[in-house]
S.K.: 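Please find one structure pasted underneath; my questions will follow.
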Amino acid sequence: MLKRKEDIGLSPYELKFRGRHRSGEIRMTLFEIDFEKVNESTIRSVEELLPYKNSETLIWLNIDGLHDEKLMGELVGTLQIPADILSDVMEPGTRPQMEEFDKGLFVSIKMMELNEGKNRVSVDNLSLVVMDNLLVTFQEEKSDLFNPVRERIRKHSKRFRTLGADYLAFALLDVVIDNYIFILGGLGEKIENLENEMIMDPGRETLKIINLLKRELSNLGRYIRPAREMIIGLVKSESDYIAPVNGKHYKELQDNINQAVELLDYYRELLYDELNIYHSSMSTKLSDIMALLTIFSVIFIPLTFVVGVYGMNFDNIPELHWRHGYFIVWGVMLLIAIGMLWYFKKRKWF
């Protein structure tokens, strides 16, 4: 996202929403995850978080809506999240990143979701703050993308409680990256179907589709490649807030994001191959047309010569007075045309 003029020069500690679109309502939901049960509740104010501040259970606080500057300021004091971290949270256009601070780990990544009805991919920034027994996630728009994780929590609360906030953060990041692969797969299917169409009969509409798919693929690459850099940095960081037992899961995350980038590169190359095939097909069609026109031109050159000779206005042209001269000339012209066509066919020029 491009920087707006009014955002230039702002302090990195200033809690100001820098996005272009604001969601309607701030929504805070809290999961309290214990060994035996899961409590789900809606939080109305930051004050309601005080009882959970030093909880022995695992807490997942999800906040939809980033534009409430007062709320963000209260989170700084209540949850002890640094202001510069929340300032990055309030910047939806921020590049995927990870940063460790005194009491936790901050991770930011682009979250993509396919709206199958509108056939459109929506992009939102997901920020995660991992602390002891606490995970806080931020996003501007409400999304159902993490519903599978919520269901897993309800069914396997003991596993999440045992493995901690860093494992829960992994589960969310894994959904985000799996969704990258899913979206790329749908786009790749269109690209592969287009390849079959191009073999049959490519047209001008085909070029428009290729350019559209190229644009979509480039847009996906803008988010997926920086996400890989962030994940690689996260795995290599050896952060104190990622337990050794969960390290293998984050390496699996790295494998998944590498797969997404490999798919991106594969479909990009396939698209360029299709573009080359299109131009080659168009060149072949043009060559065939030019060859056909050339054959007709070559055939009509001697016929034009014959007609030109007998179209002269001299008085002494003996053939003009032949009784069957007109039919003889037509016969000669037809023999010339048929003979030349036979010769071209023999030489396999068409």
S.K.: Is any side-chain heavy atom of V89 closer than 4.5 Å to a side-chain heavy atom of N125?
M.R.: no
S.K.: A side-chain contact here means heavy atoms from C-beta on lying under 4.5 Å apart; do L172 and V176 qualify?
M.R.: no
S.K.: Identify whether F35 and L168 are in the same connected component of the hydrophobic contact network (ILVMFWY, side-chain heavy atoms under 4.5 Å).
M.R.: no
S.K.: Do V121 and N219 have side chains that get closer than 4.5 Å, going by heavy atoms?
M.R.: no
S.K.: Indicate yes or no for a side-chain donor-acceptor contact from D34 to the backbone of E36 under 3.5 Å, with no hydrogens or angles considered.
M.R.: no
S.K.: Is any side-chain heavy atom of V307 closer than 4.5 Å to a side-chain heavy atom of L303?
M.R.: no
S.K.: To the nearest 0.5 Å, tell me how far L270 CG sits from L213 CG.
M.R.: 10.0 Å
S.K.: Taking NZ, NE, NH1 and NH2 as the nitrogens, is one of them in R95 or E229 under 4.0 Å from a carboxylate oxygen of the other?
M.R.: yes
S.K.: Donor-acceptor pair, S87 side chain versus D84 backbone, under 3.5 Å?
M.R.: no
S.K.: Shortest non-hydrogen contact from S157 to V38?
M.R.: CB-CG2, 3.4 Å
S.K.: Is there a side-chain contact between V329 and M333 in this structure, where contact means two heavy atoms from C-beta onward sitting under 4.5 Å apart?
M.R.: yes
S.K.: Would you name the heavy atoms of W60 and F146 that are closest together and state the gap between them?
M.R.: CH2-CB, 4.4 Å
S.K.: Could you tell me whether a side-chain N or O of K236 sits under 3.5 Å from a main-chain N or O of I231, the two making a donor and an acceptor?
M.R.: no
S.K.: Supply the atom-to-atom distance L173 CG to E252 CD, rounded to the nearest 0.5 angstrom.
M.R.: 12.0 Å
S.K.: When you group the ILVMFWY residues by side-chain heavy-atom contacts below 4.5 Å and let the links chain together, are L334 and I301 in the same group?
M.R.: no
S.K.: Please give me the minimum heavy-atom distance between P302 and M340, naming the atom from each residue.
M.R.: CG-SD, 3.6 Å
S.K.: Would S237 and E100 count as a side-chain contact (heavy atoms from CB on, under 4.5 Å) here? Give the steps.
M.R.: CA-CA 9 Å; S237 68; E100 191 166 356; 5.5 Å; no
S.K.: How many angstroms lie between CZ in R225 and CG in L264, if you round to the nearest 0.5 Å?
M.R.: 4.5 Å
S.K.: What's the spacing between L293 CG and F296 CZ if we round to 0.5 Å?
M.R.: 8.5 Å
S.K.: Work out which heavy atom in M131 is nearest to a heavy atom in Q80; give both atom names and the distance.
M.R.: CE-O, 4.3 Å
S.K.: Please round to the nearest 0.5 Å and tell me the distance separating atom CG of L271 and atom CD1 of I209.
M.R.: 11.0 Å
S.K.: Is R150 salt-bridged to D144, cutoff N-O under 4.0 Å?
M.R.: no
S.K.: Around atom CD of E238, are there more than 12 heavy atoms of other residues, nucleotides or ligands at under 6.0 Å?
M.R.: no
S.K.: Do Y267 and L187 touch side chain to side chain, with heavy atoms closer than 4.5 Å?
M.R.: no
S.K.: Main chain of F170, side chain of D174: is a donor-acceptor contact present, judged purely on distance under 3.5 Å?
M.R.: no
S.K.: At what distance, to the nearest 0.5 angstrom, does CG of N133 lie from CD1 of I33?
M.R.: 10.0 Å
S.K.: Mind listing the closest non-hydrogen atom pair of R152 and A171 along with its distance?
M.R.: NH1-CB, 4.1 Å
S.K.: Considering only heavy atoms from C-beta outward, does the side chain of M111 approach that of S122 to under 4.5 Å?
M.R.: no
S.K.: Is L253 reachable from I232 through a run of hydrophobic residues whose side-chain heavy atoms are each under 4.5 Å from the next?
M.R.: no
S.K.: Does N179 reach the main-chain N or O of V175 with its side chain, forming a donor-acceptor pair under 3.5 Å?
M.R.: no
S.K.: Would W330 and I338 show up in the same hydrophobic cluster when neighbours are defined by side-chain heavy atoms closer than 4.5 Å?
M.R.: no
S.K.: Would you say N62's side chain and T29's backbone share a donor-acceptor pair under 3.5 angstrom?
M.R.: no
S.K.: Please identify which of these residues, I81, L58, L79, meets the side chain to side chain contact (heavy atoms under 4.5 Å, CB included) condition with L134.
M.R.: L79
S.K.: Hydrophobic cluster membership, with links at side-chain heavy-atom distances under 4.5 Å among I/L/V/M/F/W/Y: are F182 and Y180 in one?
M.R.: yes
S.K.: Would you say the side-chain atoms of E113 and S143 include a donor-acceptor pair closer than 3.5 Å?
M.R.: yes
S.K.: Within the structure provided, determine whether K214 and L275 are in side-chain contact (heavy-atom separation under 4.5 Å).
M.R.: yes
S.K.: Can a donor-acceptor pair be found between the side chains of T57 and S55 at a distance below 3.5 Å?
M.R.: yes
S.K.: Around atom OH of Y326, are there more than 12 heavy atoms from other residues, nucleotides or ligands closer than 6.0 Å?
M.R.: no
S.K.: Taking all non-hydrogen atoms of both residues into account, name the closest pair between T78 and K53 and its distance.
M.R.: O-CE, 3.0 Å
S.K.: Between E99 (side chain) and F106 (backbone), is there a donor-acceptor pair under 3.5 Å?
M.R.: no
S.K.: Quick test of your reading of the model: are D64 and K142 salt-bridged, counting only N-O distances below 4.0 Å?
M.R.: no
S.K.: Please check this pair: side chain of N246 against backbone of D166, looking for a donor-acceptor N/O pair closer than 3.5 Å.
M.R.: no
